[in-house]
Amino acid sequence: MPSEVTVFLPDGSARSVPAGTTVADLAAGIGRRLAAAAVAVELDGVLVDLSRPLFEGAKVRIVTADTDEGRDVLRHSTAHVMAQAVVRLWPGARYAIGPAIADGFYYDFELPKGARFSEDDLERIEAEMKAIVAEGQLFLREEHTIAEGLEIFADQPYKREIIEGVEAGVGLDDEVAAEAGGNPGAVSTYRNGPGFVDLCRGPHVPSTDRLGHFKLTRVAGAYWRGDEHRPQLQRVYGTAWESDKAVESYLHRLEEAERRDHRRLGAELDLFSFPAELGSGLAVFHPKGGLIRKVMEDYSRTRHSDAGYSFVNTPHITRSDLFETSGHLQWFAESMFPPMELDEGHRYYLKPMNCPFHILIFKSRQRSYRELPLRMFEFGAVYRYEKSGVVHGLTRVRGMTQDDAHIFCTREQMAGELRSLLIFVLELLRDFGLEDFYLELSTMPEEKAVGTLEEWEEATEALRQAALAMDLELVLDPGGGAFYGPKISVQARDAIGRTWQMSTIQVDTQLPQRFDMDYVGQDNTRHRPVMIHRALFGTVERFFALLVEHYAGAFPTWLSPVQVRVLPVRDDHVAYAREVRALLSAAGVRAEADDAGEPLGARIRRAKLEKLPYVLVVGDSDVAAKTVGVNARGSDEPERGVSVESFVERLRVEAAPPVRRVPSAGIEGAL
RNA sequence: GCCCGGGUAGCUCAGUGGUAGAGCAGCGCACUCGUAAUGCGCAGGUCAUGGGUUCGAAUCCCAUCUCGGGCUCCA
């Protein structure tokens, strides 16, 4: 054995150290601060503990606590500490899995005698965790055979199940695999102090005293392995960071998200509400929310019109026959409201989707290839019986409006339609101020699917090709498609980085078959059309919620329900204020003038709280010079003495919806 | 649907067994003001709903509805 080994640092430099030197020793040799910040190390591309000895030729990259990888290690280690605290406080508790997640960690438990955590227990657990941190327990890694592992965890059935999974070599998802660790046929464990051992791949921080900047955030139920047919465990969520300052900053981010919450802003800005009388998941839009919807819908209609869509309308209920033909009653029934019995035993259903109705329009007469692609658009109100626990503000409701369209085209037209559709979607979303997207491709569901494998393959491939052409990140969602076909969804990131599933585009060869659709081709024989389902907002309600949160209620001028409010300084300026308002209205601007019933400061404040884009103040000098004082949202310094004409002109432009040229319109240059 | 926690005035909340309170919002009067809260007064609640325990329930128990955080599901 050589007495020295040479290792390489990320900057390419080499260091020779005595054989047996650990990474921790190396870090200490490089610098005190690095040693203090180090939590793990990547040796030849594998993330491991700092206690690992260095070997000849190793490429060493020390991972510090203030990086994403480092925080994962901190969080995973903190999860172990939490499990140990829970086992101390509830002897006999069983622990299942406890991974690091975005911004934190969780651990799932089964408490003795079916006990449940309550919110109050979080403080007790936290206190015990602090004690464990203060004890400075080492994280000791051990490797065991499967038989040894099963013995160590004799009283831990969830751990045993994971180990048995390793033994059987069954596919483990990432979270579970992170628990098992080790090489094939072996498992690794980490031991803390005398009383706690956990199955784990690691790596972990060297000692619990490296932790401490954490906070437990909530308790929840969670099914073992995410399967609702298996036992429900008690999950505790927490967050952990490299410093208290980072914890503070995270909590601040949560507050920011709460401040933007569309449910809160919806009430504050008087946009919509959920009257209890209507039942769960059923919203009413108030005048201001209704106006925003109208602007959104009007703009969408304009764009669809430009893009060659025709407009259709269909009823909200139908006899069961339609959904029997479509397959909805076979595959989608549990998401549908129960039927109404009418007219001598006929069953009527509220529609959960618009597609079968549009098919009937297609089938209302013989179609020719000359008519294709036929694009039918509708703001279709649909109703879905969502399970009681899933309704959530406007993002998950039981009555919703889809900006739904179905494109009927030939097989040959499909690729081109998909490509222009993706361009259309992204342009529309950009018009609403979203810039950051990625695409998700959802493939055939394992259980609920109609059609042959070949048909699914073809449709999926068409979607994949269209997606790849978009130069956007594409992620796979295996098994996530609808029962009749695969889909692409456009995921949008909002102003604070959260992702929202918006638009969906689905290729469907099944419903055309089920409804025996055909068109007459150039060859004078009948052909089956392909059907593309697509919704760009997704639903008006969800898109509305996204906009509220994206803009934190401060809508861009073109979407603001009130764009300008004119405030007279005194009673004797009211007439002038109304005159200014009338000029703005005539220019298509949504403007109001108030009377001088309250002090000016109070009226300014009110307008600011309503997040109006512009507040105009008019007083003596303005009446005399035909000017206004402009107080723009987001600005601290009002602009005095702006001429009325120039302001009206400015708003005439700014208050109008965005305009973009539509590549798929086919009428470019017509003017 | 499942687990945990809530539901008191339009909103935010206080009130844990002795017949309900504040701030803001609303209404009235006065104030007429140059860029984020003028003053005074008034009105407003069968304490989510229905049962139960109790001499007495916002408060304790049960059920239902509904909301929030999660799980599962999803536009």
Side-chain angles (χ1 to χ4, degrees), chain A residues 106 108 114 116-122 217-237 258 261 263-264 267-268 270 273-282 334-335 352-353 382 384-397 400-404 442 480 482 487 489 500-504 506 533-543 545-546 567-574 595-610 615-622 628-632 635-641:
Chain A
Y106 68 80
D108 288 345
R116 314 283 185 199
F117 290 121
S118 76
E119 300 277 338
D120 299 336
D121 291 327
L122 294 184
T217 50
R218 50 183 168 261
V219 297
Y223 299 107
W224 169 232
R225 295 209 164 166
D227 183 343
E228 63 181 316
H229 304 295
R230 306 200 64 178
Q232 188 165 45
L233 306 174
Q234 295 283 299
R235 176 171 296 179
V236 179
Y237 282 94
E258 196 181 320
D261 193 313
R263 295 164 300 186
R264 175 200 194 96
E268 281 176 6
D270 196 16
S273 60
F274 289 92
E277 293 86 337
L278 299 189
S280 185
L282 297 168
E334 67 176 31
S335 294
M353 291 187 192
V382 298
R384 296 185 185 173
Y385 182 71
E386 301 291 351
K387 287 195 280 183
S388 66
V390 308
V391 295
H392 181 90
L394 287 177
T395 64
R396 198 73 186 275
V397 290
M400 70 210 90
T401 311
Q402 295 181 311
D403 61 329
D404 204 5
S442 302
K487 71 177 178 193
S489 52
W500 299 64
Q501 177 174 334
M502 316 278 16
S503 320
T504 60
Q506 298 169 309
H533 307 240
R534 38 110 295 167
L536 309 189
F537 291 155
T539 66
V540 177
E541 288 79 7
R542 178 178 285 182
F543 198 68
L546 161 69
L567 308 184
V569 172
R570 282 192 319 270
D571 276 353
D572 47 330
H573 306 126
V574 168
D595 52 31
E598 286 176 291
L600 182 62
R603 287 178 283 147
I604 297 271
R605 178 166 191 272
R606 188 190 301 270
K608 291 291 184 186
L609 291 176
E610 290 177 46
V615 179
L616 302 185
V617 174
V618 294
D620 289 334
S621 61
D622 298 297
V628 293
V630 178
N631 188 329
S635 152
D636 298 335
E637 293 191 19
E639 205 180 335
R640 291 283 298 270

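Just so we're on the same page: letters track the sequence lines, and every chain starts at 1. Keep in mind that the numbers below use all heavy atoms, side chains included, and drop hydrogens, waters and symmetry copies. The model shown is predicted, which means the values in this text are computed figures rather than measured ones.
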Item checked: Spatial distance of atom OG1 (A/T395) from atom CZ (A/R263) [nearest 0.5 Å] -> 7.5 Å
Separation between the [atom1] atoms of [N] and [M], rounded to whole Å:
N     : M     : atom1 : result
B/G26 : B/A9  : C1'   : 11 Å
B/U38 : B/G15 : C1'   : 32 Å
B/G52 : B/G69 : P     : 35 Å
B/U35 : B/C31 : P     : 22 Å
B/A63 : B/C3  : P     : 12 Å
B/G45 : B/G21 : P     : 13 Å
B/A20 : B/C13 : C1'   : 14 Å
B/A57 : B/G68 : C1'   : 26 Å

Which one is paired to [N], where only Watson-Crick or G-U wobble pairs with both distances under 3.5 angstrom count?
N     : answer
B/U46 : none
B/C55 : B/G18
B/C29 : B/G39
B/C65 : B/G7
B/C73 : none

Presence of donor-acceptor pair under 3.5 Å, side chain of [X] and base of [N]:
X      : N     : value
A/Y223 : B/G1  : yes
A/D622 : B/G34 : yes
A/T217 : B/G69 : no

In whole angstrom, give the distance that lies between atom [atom1] of [X] and atom [atom2] of [N].
X      : N     : atom1 : atom2 : result
A/F117 : B/C71 : CZ    : C1'   : 16 Å
A/E386 : B/C67 : CD    : C1'   : 17 Å
A/D571 : B/C31 : CG    : C1'   : 10 Å
A/E228 : B/C74 : CD    : C1'   : 13 Å
A/E598 : B/A37 : CD    : P     : 12 Å
A/R396 : B/G70 : CZ    : C1'   : 14 Å
A/E277 : B/G10 : CD    : C1'   : 14 Å
A/R218 : B/G68 : CZ    : P     : 14 Å

Heavy-atom pair with the smallest gap, counting every atom of [X] and [Y]:
X      : Y      : answer
A/S489 : A/T504 : CB-CG2, 4.1 Å
A/K608 : A/N631 : NZ-OD1, 2.6 Å
A/D595 : A/R603 : O-NH1, 3.6 Å

Nucleotide of [options] approaching [X] most closely (side-chain heavy atoms):
X      : options             : answer
A/A220 : B/U35, B/C71, B/G69 : B/G69
A/N631 : B/G34, B/U35, B/C4  : B/U35
A/P599 : B/U35, B/U38, B/U66 : B/U38
A/V391 : B/U38, B/C67, B/G1  : B/C67
A/P638 : B/U32, B/U35, B/A75 : B/U35
A/R235 : B/G68, B/U35, B/C71 : B/C71
A/H392 : B/U66, B/G34, B/G69 : B/G69
A/R384 : B/G70, B/C73, B/A75 : B/A75
A/L609 : B/A36, B/C71, B/G34 : B/A36
A/Q232 : B/A75, B/U32, B/C2  : B/C2

Is [X] touching bases, backbone alone, or none of the nucleic acid, heavy atoms closer than 4.0 Å?
X      : answer
A/Q234 : sugar-phosphate
A/Y237 : sugar-phosphate
A/R542 : base
A/T539 : base
A/G226 : sugar-phosphate
A/Q501 : sugar-phosphate

Checklist line | Donor-acceptor pair, side chain of A/D403 and main chain of A/F537, under 3.5 angstrom | finding: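 Confirmed, A/D403 side chain pairs with A/F537 backbone.
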Note to self: Using only atom types and a distance under 3.5 Å, with no angle test, would you say the side chain of A/R384 pairs donor to acceptor with the backbone of A/V397?
What the structure shows: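 No.
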Notebook entry, point to check: Is the shortest distance from a Lys or Arg side-chain nitrogen in A/R570 or A/D620 to a carboxylate oxygen in the other one below 4.0 Å?
Noted result: yes
Check: Think A/S388 has a side-chain N or O under 4.0 angstrom from the OP1 or OP2 of B/G1?
Finding: yes
Check: Does the cation-pi check pass for A/R230 over A/Y223, that is, NZ or CZ under 6.0 Å from the six-membered ring centre and within 45° of its axis?
Finding: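 Not flagged: A/R230 not positioned over aromatic ring of A/Y223.
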